[in-house]
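Report on the structure given below.
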Amino acid sequence: MTRTADDPIRVGVLGARGRMGDEVCRAVDCAPDMVLVAKVDDGDKIGEVVDAHAEVVVDFTHPDVVMANLEFCLANGVRCVVGTSGFDTARIDQVRQWLGDEPELGVLIAPNFALGAVLTMRFAQLAARYYPTVEIIELHHNRKADAPSGTAAHTARMIAAARKDAGLGEIPDATTSAADGARGASMDDVRVHSVRLSGLVAHQEVLFGGDGETLTIRHDSLDRCSFMPGVLLGVRKMVQRNGLVVGLENLLDD
Ligand SMILES: NC(=O)C1=CN([C@@H]2O[C@H](COP(=O)(O)OP(=O)(O)OC[C@H]3O[C@@H](n4cnc5c(N)ncnc54)[C@H](OP(=O)(O)O)[C@@H]3O)[C@@H](O)[C@H]2O)C=CC1
Ligand SMILES: O=C(O)C1=N[C@H](C(=O)O)C[C@H](O)C1
């Protein structure tokens with residue numbers, strides 16, 4: 001279907017009964033320039049998004065199913081805004097391959113849609129070159145499916161790239177662990193510690209250490225509404241943009 005600027009964006013939501021999906025359905029319902037045309041959860045047929053002529057699908061499902069969802073949407077001409085975690089370099093390359101050399105569809109994969117989380121990652125990337133040591137602590141509700149968080153993995157990747165550009169070597173660490181996991185997981189050679197507690201939503205600290213000083217950058221999502229402006233921005237941008245975008249930061253200054 002061809003769209004005019006006045007047409008509301010037809011949005012489908014995958015994972016619609018989940019914590020994030022439910023919030024996204026409400027945000028889309030309240031957006032004057034969007035219409036919610038399909039709500040799909042586990043056990044429903046994903047083909048509903050095609051039958052309903054969704055232009056953009058928002059996926060907040062599970063790392064185990066998101067790739068199949070993406071493959072289906074792209075094969076059926078539906079643009080995608082993806083919040084689901086679990087995207088490593090291999091998955092990102094696969095999505096790029098599905099889109100092809102001259103993409104006619106757009107996909108946004110955003111490890112975190114909260115403005116403060118995006119800024120935390122940018123600030124961490126800026127600070128990384130100046131400090132010999134850095135570790136990440138991510139803290140989430142205890143019903144989260146995966147660890148470490150997608151945001152922490154992305155932050156570690158950004159820090160590792162900045163350290164490499166600055167010619168910094170391995171992070172010095174003289175500790176011998178007496179218990180498995182005591183030093184967290186190594187993501188791109190950056191230590192990531194995952195805390196899971198009821199009562200939490202989504203939080204992250206990036207700790208830098210130098211000579212006689214530390215710098216801590218912390219972000220807290222206290223409510224899932226913190227993700228909604230980013231999700232809606234992603235939908236508005238990706239309805240008209242082709243190709244793969246990884247990270248909301250790449251759409252903020254457009
Ligand atoms: N990028 C970001 O800013 C954010 C990303 N996330 C990520 O989003 C994902 C979802 O998080 P959250 O909402 O808390 O998780 P939930 O478990 O609350 O929601 C996921 C929903 O997806 C459903 N589902 C499972 N498989 C399918 C499928 N094949 N098709 C459609 N729906 C399916 C689940 O159903 P059932 O329970 O029956 O299996 C569930 O209702 C996670 O990967 C999380 O890390 C979360 C917050 C912010
Ligand atoms: O599961 C969550 O809740 C979140 N998941 C994303 C992640 O894995 O980074 C984003 C945010 O941290 C909330």
Side-chain angles (χ1 to χ4, degrees), residues 12-27 38-50 54 57-73 78 80-88 91 107-121 124 136-158 185 187 192-206 218-235 238 245-249 251-252:
V13 176
L14 304 183
R17 287 195 293 272
R19 284 176 288 270
M20 281 298 290
D22 180 55
E23 189 84 32
V24 172
C25 289
R26 277 184 279 132
K39 295 168 72 169
V40 176
D41 206 83
D42 201 11
D44 302 333
K45 291 206 167 63
I46 189 174
E48 276 183 41
V49 298
V50 179
V57 145
V58 179
D59 188 304
F60 282 99
T61 56
H62 190 284
D64 290 350
V65 301
V66 64
M67 289 303 277
N69 290 346
L70 261 169
E71 186 175 19
F72 176 88
C73 288
V78 184
C80 301
V81 168
V82 183
T84 304
S85 48
F87 280 87
D88 55 12
R91 283 186 169 203
V107 175
L108 167 66
I109 298 170
N112 202 308
F113 281 99
L115 177 62
V118 172
L119 290 174
T120 296
M121 290 187 264
I136 298 170
I137 306 173
E138 57 95 339
L139 311 92
H140 282 82
H141 59 97
N142 62 338
R143 294 171 73 192
K144 180 165 174 54
D146 56 340
S149 70
T151 307
H154 195 62
T155 309
R157 261 195 304 275
M158 290 170 76
M187 306 293 294
V192 179
H193 308 267
S194 298
V195 176
R196 295 291 175 266
L197 280 181
S198 50
L200 294 179
V201 178
H203 318 257
Q204 176 165 285
E205 284 186 2
V206 187
R218 180 175 172 117
H219 174 254
D220 298 276
S221 267
L222 305 171
D223 189 295
R224 289 184 179 81
C225 67
S226 61
F227 303 112
M228 294 307 119
V231 173
L232 297 184
L233 175 77
V235 170
M238 296 317 292
V245 179
V246 180
L248 189 70
E249 60 274 21
L251 298 182
L252 289 180

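All values derive from a computational prediction rather than experimental measurement. For ligands, and for the atoms within them, numbers begin at 1 and follow the listed sequence.
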Winner among Ala147, Ala114, Gly83 once heavy atoms are compared against atom 5 (C) of ligand 1: Gly83
Per-atom contacts, ligand 1 versus Asn112 - under 4.0 Å to a heavy atom: 1 (N), 2 (C), 3 (O)
Ring pair (Phe, Tyr, Trp, His ring centres under 6.0 Å) partners of Phe227, counting only residues at least two apart: none
Nearest non-hydrogen protein atom, atom 3 (O) of ligand 2: His141 NE2, 3.0 Å
Per-atom contacts, ligand 1 versus Ser85 - under 4.0 Å to a heavy atom: 42 (C), 43 (O), 44 (C), 45 (O)
Nearest option to atom 11 (C) of ligand 2, as decided by whichever heavy atom of Met20, His140, His203 sits closest: His140
From Asp41, Asp59, Asp146 - option closest to atom 40 (C) of ligand 1 by heavy atom: Asp41
Protein contact of atom 9 (O) of ligand 2 - nearest heavy atom, named by residue and atom, plus distance: Thr151 OG1, 2.5 Å
Thr120 and Gln204: side chain donor to acceptor below 3.5 Å: no
Which residue and heavy atom of the protein sit nearest atom 5 (N) of ligand 2, plus the separation: Lys144 NZ, 3.1 Å
Atoms of ligand 1, numbered as shown, that sit under 4.0 Å from any heavy atom of Arg17: 41 (O)
Donor-acceptor pair, side chain of Asn112 and main chain of Ala117, under 3.5 angstrom: no
Nearest neighbour of atom 29 (N) of ligand 1 from the list Val66, Val65, Val201, on a heavy-atom basis: Val65
Asp42, any N or O under 3.5 Å of ligand 1 N or O: yes
